[in-house]
Amino acid sequence: IVLLPALPEEDPDFASGRVTGLRARGGFTVSVTWEDHRVTSFTLENPRGGDAVVRYNGIEATFTTVPGETLHVSV
């Protein structure tokens, strides 16, 4: 899962923001908050649970979700 892959850097209207309820491959639901074009936090949910490889701010990390729970990540 790549967070904010196409956020336009030159447009100040997109410098900060939030999006919720995005669907990602593998059955994940993702919400993201960003400031100055960088991810500041995100959540992952998957009703089946499982691992998700997430790329954000030049980092790639694996996160494990538990069925029925929301994983909150602050960057």
Side-chain angles (χ1 to χ4, degrees):
I1 300 170
V2 181
L3 302 181
L4 306 180
L7 191 66
E9 294 250 351
E10 56 281 338
D11 191 336
D13 291 335
F14 291 101
S16 301
R18 178 179 164 213
V19 64
T20 61
L22 297 175
R23 296 293 296 194
R25 184 176 291 144
F28 290 92
T29 301
V30 182
S31 297
V32 183
T33 303
W34 66 93
E35 293 284 335
D36 296 323
H37 301 282
R38 301 198 40 92
V39 173
T40 56
S41 66
F42 61 92
T43 63
L44 295 173
E45 297 177 61
N46 190 326
R48 297 181 312 234
D51 292 340
V53 177
V54 182
R55 292 193 344 219
Y56 61 96
N57 301 344
I59 299 168
E60 181 174 291
T62 301
F63 297 91
T64 302
T65 61
V66 176
E69 294 185 13
T70 301
L71 176 68
H72 299 272
V73 179
S74 294
V75 180

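Starting from 1, each residue takes its place in the sequence as its number.
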TODO: Tell me who clusters with Val53, hydrophobic residues only, linked when side chains sit under 4.5 Å apart either directly or through other members.
DONE: none

Open item on the list: For Arg38, give me all partners under side chain to side chain contact (heavy atoms under 4.5 Å, CB included), at least two apart in sequence or on another chain.
Closed with: Asn57

Open item on the list: Would the distance check show the side chain of Ser31 and the main-chain N or O of Thr43 forming a donor-acceptor pair, the cut-off being under 3.5 Å?
Closed with: no

TODO: Could you list the residues that satisfy side chain to side chain donor-acceptor pair (under 3.5 Å) with Asp51, not counting sequence neighbours?
DONE: Thr64

- [ ] Taking all non-hydrogen atoms of both residues into account, name the closest pair between Pro47 and Gly27 and its distance.
- [x] CD-O, 3.7 Å

Open item on the list: If the condition is side chain to side chain donor-acceptor pair (under 3.5 Å), which residues does Thr40 pass it with, not counting sequence neighbours?
Closed with: none

Task: Cluster companions of Val30 among Ile, Leu, Val, Met, Phe, Trp, Tyr (side-chain spacing under 4.5 Å) - done: Ile1, Leu3, Leu4, Leu7, Phe14, Val19, Leu22, Phe28, Val32, Trp34, Val39, Phe42, Leu44, Val54, Tyr56, Ile59, Phe63, Leu71, Val73, Val75

TODO: For residues 5-24, pull every pair meeting side-chain hydrogen bond (donor to acceptor under 3.5 Å, both in side chains), keeping only residues two or more places apart or in separate chains.
DONE: Ser16-Glu35, Arg23-Thr29

